[in-house]
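First the structure, in the form of structure tokens, and then the observations on it.
Just follow the structure's listing: the first ligand is 1, and inside any ligand the first atom is 1. These values consider heavy atoms only, across backbone and side chains, with no hydrogens, waters or symmetry-generated copies. None of these values were measured; they are calculated from a predicted model.
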Amino acid sequence: MKVGIIGAGTMGNAHAKGWQKSGAEFVGVSAKNKESAKQLAETYGIKAYDNHQDLLEAVDIIDLCVPSDLHKDMVLEAARAKKHIICEKPIALTLEDAEAMIAACNKAGVRLFIAMVVRFFPQYRAAKAAIDAGQLGELGVIRLKRIGYQPLGDEAWFTDDKRSGGMIVDLMLHDLDYARSIAGEVKRVYAKSIRSTVNDAPGDYALITLGFESGAMALIEGGWAYPPGFFRTGIDIAGSEGLIEWQSDDSQTIKPFLKPQERTKVARVGIPSSSIAEDPYVTEIKHAYEAIRDNKPFLVSPEDGLEALRLALAAKESLKTGQVVFLGGN
Ligand SMILES: NC(=O)c1ccc[n+]([C@@H]2O[C@H](COP(=O)([O-])OP(=O)(O)OC[C@H]3O[C@@H](n4cnc5c(N)ncnc54)[C@H](O)[C@@H]3O)[C@@H](O)[C@H]2O)c1
């Protein structure tokens, strides 16, 4: 199948690496920033298209790596053209837009994959596999962390909440989705944030608590308040039968998976270390391509993308009102 990418910034380049290794026929790229499209095209020996409409016509799958406020219109356009779609996260900036995108793709009979890459990081996959296999027993307390600096992007679009959705929708969405993928549906959301204004460089730092239907709770920490270059993520999950703990800065493997009743023994979850692990963006693109080619389900459904956005928007609502937001009418 022929594939093209719209957008040649950070994600355009990350996805290009994946397409090159996917077995798909990677034919072209198009971007508003023509120079970035030209460079990406030269790197991969593909064509740089002057406009995305011509690229869309030339492919079977279009991969949207453009600023988040453009996702809706481009997905609708691609669905009208009957192309399968890979779209970077967040699916959209409003629930109405996300629902319209899913409906349009269903109606057109095209596949829509939302690129929630954290689901493809080996540590996060291994932790989920252990949980799904019952190794942690009943989940109780989940702590997820993702802290770094505010990215800018072309034309500094990340700094405009109307374009990126802000830190919670752009960044914390990953862990909101991951928490839901391991613990199920959420009943209530509460959030607190602070905006640092040090050196005129605003950066949000937030804490979100989720109460799940199962009774489990999650504490999700996210921030864009650190200086450029700093990025740290972490997983800390406690269940009735075991614990999982991993921090990005101290180890690239899932750290000891400890069973409380066997504290002297350390059972390691078998995952490759980062030196031999595949780039998660490559894993993600290969997965999406194979699922489209073989008509198999995606690991992350468009509805998962929608639900992650629902959680992020609920957290923003909680910040605005100072109140707990109840989901699902409870
Ligand atoms: N999954 C992740 O880890 C991750 C990381 C960063 C960004 N993202 C998401 O990926 C998307 C892109 O982010 P980025 O960091 O690559 O941004 P970027 O600013 O680095 O690149 C954006 C690209 O889109 C192009 N573009 C802008 N407007 C366009 C238009 N109207 N038509 C065609 N091209 C246009 C720009 O020229 C540029 O090439 C966003 O939705 C963002 O939230 C995901």
Side-chain angles (χ1 to χ4, degrees), residues 4-18 28-44 46 48-56 59 62-78 85-94 97-98 101 112-121 124 146-178 222 224 228 231-233 248 279-285 287-288 299-300 304-305 308-309 312:
I5 300 182
I6 306 180
T10 309
M11 280 306 106
N13 280 279
H15 287 206
K17 215 191 284 176
V29 60
S30 173
K32 185 173 165 194
N33 179 335
K34 304 266 182 266
E35 189 48 38
S36 65
K38 197 169 144 245
Q39 272 175 21
L40 193 151
E42 275 168 14
T43 306
Y44 290 91
I46 57 170
Y49 284 72
D50 273 344
N51 65 70
H52 75 261
Q53 290 85 355
D54 288 347
L55 174 62
L56 196 54
V59 298
I62 194 76
D63 183 356
L64 304 175
C65 295
V66 290
S68 306
D69 59 320
L70 303 176
H71 291 180
K72 179 203 172 191
D73 285 351
M74 285 201 183
V75 164
L76 295 186
E77 188 180 351
I85 304 160
I86 313 294
C87 176
E88 257 303 337
K89 49 51 62 181
I91 180 170
L93 299 180
T94 69
D97 284 358
M101 291 155 73
L112 172 63
F113 176 75
I114 305 301
M116 307 287 281
V117 75
V118 169
R119 299 269 206 117
F120 296 87
F121 272 71
Y124 290 77
R146 188 166 303 274
I147 50 176
Y149 55 97
Q150 179 167 52
L152 297 175
D154 265 29
E155 301 166 355
W157 70 269
F158 277 105
T159 62
D160 180 352
D161 277 20
K162 287 197 266 330
R163 302 205 67 192
S164 68
M167 193 277 291
I168 291 178
V169 167
D170 188 80
L171 183 74
M172 296 184 80
L173 179 93
H174 285 297
D175 293 302
L176 293 167
D177 169 65
Y178 185 71
W224 271 349
F231 191 61
R232 188 173 287 168
T233 62
S248 61
D279 173 346
Y281 292 97
V282 173
T283 313
E284 172 185 61
I285 292 296
H287 162 76
L299 195 70
V300 193
D304 290 333
L309 179 65

Arg163 N/O under 3.5 Å from ligand 1 N/O: no
Quick check: does Ile6 get an N/O under 3.5 Å from an N/O on ligand 1? no
Under 4.0 Å from any heavy atom of Cys65, which atoms of ligand 1 are there? 12 (C), 22 (C), 23 (C), 24 (O)
Tell me which protein heavy atom sits closest to atom 44 (C) of ligand 1, plus the residue, atom name and distance to 0.1 Å. Glu88 OE1, 3.1 Å
Do any heavy atoms of Met116 fall under 4.0 Å from ligand 1? no
Should the pair Asp304-Arg119 be classified as a salt bridge under the 4.0 Å nitrogen-to-oxygen rule? yes
For atom 24 (O) of ligand 1, which of the options Gly12, Cys87, Pro67, Ala31 provides the nearest non-hydrogen atom? Pro67
Within the 6.0 Å centroid threshold, strictly below: Phe231 and Tyr149: no
Side chains of Lys32 and Asp154: does their closest heavy-atom pair fall under 4.5 Å? no
Using a strict cut-off of 4.0 Å, indicate which atoms of ligand 1 neighbour a heavy atom of Ser36. 39 (O)
Does ligand 1 come near enough to Ala8 that some N or O of the ligand is less than 3.5 Å from an N or O of the residue? yes
Between His287 and Leu299, is there a donor-acceptor pair closer than 3.5 Å when you use the side chain of the first and the backbone of the second? yes
With a 4.5 Å limit on heavy-atom distance, are the side chains of Leu40 and Ile46 in contact? yes
Would Asp50 and Lys34 count as a salt bridge (Lys or Arg N to Asp or Glu O under 4.0 Å) if you check the C-alpha gap in whole Å, the side-chain angles of each, and the deciding distance to 0.1 Å? CA-CA 8 Å; Asp50 273 344; Lys34 304 266 182 266; 5.2 Å; no
Answer yes when Lys17 and Asp279 have at least one side-chain N-carboxylate O distance shorter than 4.0 Å, and no when they do not. yes
Taking N or O atoms only and a 3.5 Å limit, does Val66 qualify as a polar contact for ligand 1? yes
With a heavy-atom distance limit of 4.0 Å, tell me whether Lys34 approaches ligand 1 through its side chain, its backbone, both, or neither. neither
Out of Phe121, Tyr49, Tyr281, who is nearest to atom 3 (O) of ligand 1 when you count heavy atoms only? Tyr281
Please state whether Glu155 comes within less than 4.0 angstrom of ligand 1, counting heavy atoms only. no
